Amino acid sequence: MRTEDLIDSLTQDVKPVARHGIGLRLAGGIAIGGVGSVALVAAMLGVRPDLGFALQSSTLWMKWSYTISLALLAFAATARLARPDSGRLGWLWLLATPVVALASYGAIELASTPRAEWKAMWLGESWTSCPWNVLSLSAPIFGGLLWAFRRFAPTRLRAAGAAAGLASGAFAAMIYCIHCPEASAVFVLTWYSLGILLATAIGALLGPRLLRW
Amino acid sequence: MIGGLEGSAADHSALLRSLAPLLRGYYRRRTRGSEDDIEDLVQETIIAVHTRRGTYDRERPFTAWLFAIARYKMVDHFRRTRRLVPLDDLAEWPSEDSFADAADARMDIEQLLGLLPGKQAAAIRSTRIEGSSVAEAAAGAGLGESDIKVSVHRGLKALVARVQRDRP
């Protein structure tokens with residue numbers, strides 16, 4: 001095919017492009033996946049019965065501040081890496097902020113608890129399933145992000161995959177809060193973060209395969 | 001590009017058309033592939049520019065975006081054809097930035113020349129950009145030598161005035 005003809009056929013129908021197209025599309029992908037994850041929680045795990053009460057307690061909001069701030073940073077990184085000229089990503093060190101904040105909160109919590117209860121606090125009731133639940137819930141969101149990426153032009157595929165994995169893991173952890181009754185900061189810091197890290201690692205592994213264009 | 005993003009088919013088509021020679025030059029300098037390979041790459045890149053134009057941020061330089069895509073397509077092409085590029089040659093490659101700057105400059109010049117009457121633009125293009133002599137340009141355009149000289153002079157003067165007016 002001659003290049004001229006190709007250009008003619010491409011420009012038959014030129015639709016306007018929204019100004020913040022990347023952000024809107026990413027948000028759409030996450031929303032679709034998020035609905036899937038919420039449905040998964042409702043069907044498989046069950047929403048915690050005391051959710052209404054928990055909404056008034058500080059622990060749920062502690063968990064949400066952590067997961068939502070991670071999720072928003074990961075969202076920004078993903079939007080950056082969706083472009084071919086992704087530029088510098090030095091500001092990703094900001095991701096350490098929520099982690100450090102939660103760790104300090106956890107340290108205060110530990111200090112006010114007798115040493116004998118530390119282990120129970122750290123492992124909670126569900127440490128064996130928590131990371132895996134977060135990881136499973138991240139799958140629908142990661143799928144939504146893959147859909148969004150079909151119109152993007154990432155050039156650093158591994159980094160883009162990792163950012164998408166991190167975003168899906170963090171949003172999944174946020175949704176997991178509506179099921180998980182654990183209340184200690186050290187629990188969240190360890191097991192939630194482990195699930196998010198697993199999702200990030202899988203994203204980095206899959207990025208070069210799935211995000212090629 | 002902006003016109004194309006807002007849905008103007010004419011602007012978009014003009015942009016893609018102007019990219020084809022630019023990309024041909026870019027790939028020819030870097031791949032040492034056959035003309036068919038180069039044309040394939042050019043077409044793939046143009047398709048990507050078209051389908052993924054939503055990833056262009058209007059506040060950032062266009063050429064950086066374009067050549068990031070072009071570079072990705074080239075790396076992808078090498079990966080698919082599994083050809084190795086000897087590393088020694090890498091240093092001799094013109095850098096990404098210099099090519100982008102040159103492309104920027106070329107697009108600016110084309111834009112400015114577009115503002116002039118056709119005769120003046122053609123005269124400037126042949127004598128100042130393509131490097132023909134006044135006699136050759138005159139023969140090529142079927143005009144007198146003095147006509148060419150006057151056109152170049154008037155055209156350049158108009159451009160200087162124009163550029164100075166644009167400058168804050």
Side-chain angles (χ1 to χ4, degrees), chain A residues 1-29 75-89 145-161 163-164 207-213, chain B residues 1-24 35-36 38-77 79-80 96 100:
Chain A
M1 197 190 211
R2 284 177 53 241
T3 305
E4 296 292 308
D5 300 338
L6 174 82
I7 293 174
D8 284 338
S9 69
L10 286 180
T11 51
Q12 292 279 315
D13 178 28
V14 181
K15 290 197 189 74
V17 175
R19 214 159 241 279
H20 298 289
I22 293 185
L24 290 174
R25 213 179 145 83
L26 270 181
F75 183 93
T78 314
R80 263 305 192 74
L81 287 161
R83 294 205 304 256
D85 48 341
S86 46
R88 288 164 172 278
L89 291 168
L145 285 174
L146 284 182
W147 165 82
F149 261 94
R150 296 208 327 212
R151 280 296 175 84
F152 294 161
T155 48
R156 293 151 81 178
L157 301 186
R158 197 169 293 284
R209 279 161 208 273
L210 297 180
L211 298 179
R212 277 179 70 180
W213 45 285
Chain B
M1 181 74 193
I2 304 280
L5 287 178
E6 259 135 40
S8 156
D11 284 1
H12 192 54
S13 155
L15 171 80
L16 295 188
R17 258 168 237 289
S18 70
L19 294 187
L22 215 65
L23 290 169
R24 242 169 247 139
E35 283 299 301
D36 280 350
I38 286 169
E39 209 54 30
D40 279 353
L41 273 169
V42 169
Q43 294 192 357
E44 264 189 53
T45 310
I46 286 178
I47 293 174
V49 164
H50 172 73
T51 55
R52 291 162 205 272
R53 63 189 185 281
T55 62
Y56 171 62
D57 179 342
R58 284 158 229 230
E59 264 101 64
R60 303 174 110 223
F62 172 71
T63 42
W65 177 80
L66 170 71
F67 290 114
I69 292 183
R71 195 165 162 273
Y72 175 83
K73 282 294 173 193
M74 182 171 65
V75 173
D76 196 51
H77 171 79
R79 198 185 293 135
R80 253 179 302 139
E96 214 73 20

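Just so it is clear: chains get the letters A, B, ... in the order the sequence lines come, proteins before strands, and each one is counted from 1. This one's a predicted model, so the numbers in the text were calculated from it and none came from an experiment.
There is no contact between A:Gln12 and chain B, counting heavy-atom distances below 4.5 Å. A:Leu24 does not touch chain B: none of its heavy atoms, backbone or side chain, sits under 4.5 Å away.
With contacts defined as side-chain heavy-atom distances shorter than 4.5 Å, the pair B:Arg17/A:Asp8 qualifies. Residues A:Asp85 and B:Arg60 have side chains in contact (heavy-atom distance under 4.5 Å, counting atoms from C-beta outward). Counting only heavy atoms from C-beta outward, the side chains of A:Arg212 and B:Tyr72 approach each other to under 4.5 Å.
Taking CZ from A:Arg83 and CD1 from B:Ile69, the interatomic distance works out to 11.5 Å, rounded to the nearest 0.5 Å. We find the CD1-NE2 distance between A:Ile7 and B:His50 to be 11.0 Å, quoted to the nearest 0.5 Å. Between B:Leu15 atom CG and A:Thr11 atom OG1 the span is 10.5 Å, to the nearest 0.5 Å. Remark: A:Leu6 CG to B:Gln43 CD distance equals 5.0 Å, nearest 0.5 Å. To the nearest 0.5 angstrom, B:Asp76 atom CG is 11.5 Å from A:Thr155 atom OG1.
Between A:Ile22 and B:Gly54, the closest heavy-atom pair is CG1-O, 3.9 Å. When all heavy atoms of A:Ala82 and B:Thr55 are compared, the pair lying nearest together is O-CG2, 3.8 Å.
Here the side chain of A:Arg151 pairs no donor or acceptor atom with the backbone of B:Arg52 at under 3.5 angstrom.
Looking only at heavy-atom pairs under 4.5 Å with chain A, the residue among B:Leu66, B:Thr51, B:Ile46, B:Val42 that has the most is B:Ile46.
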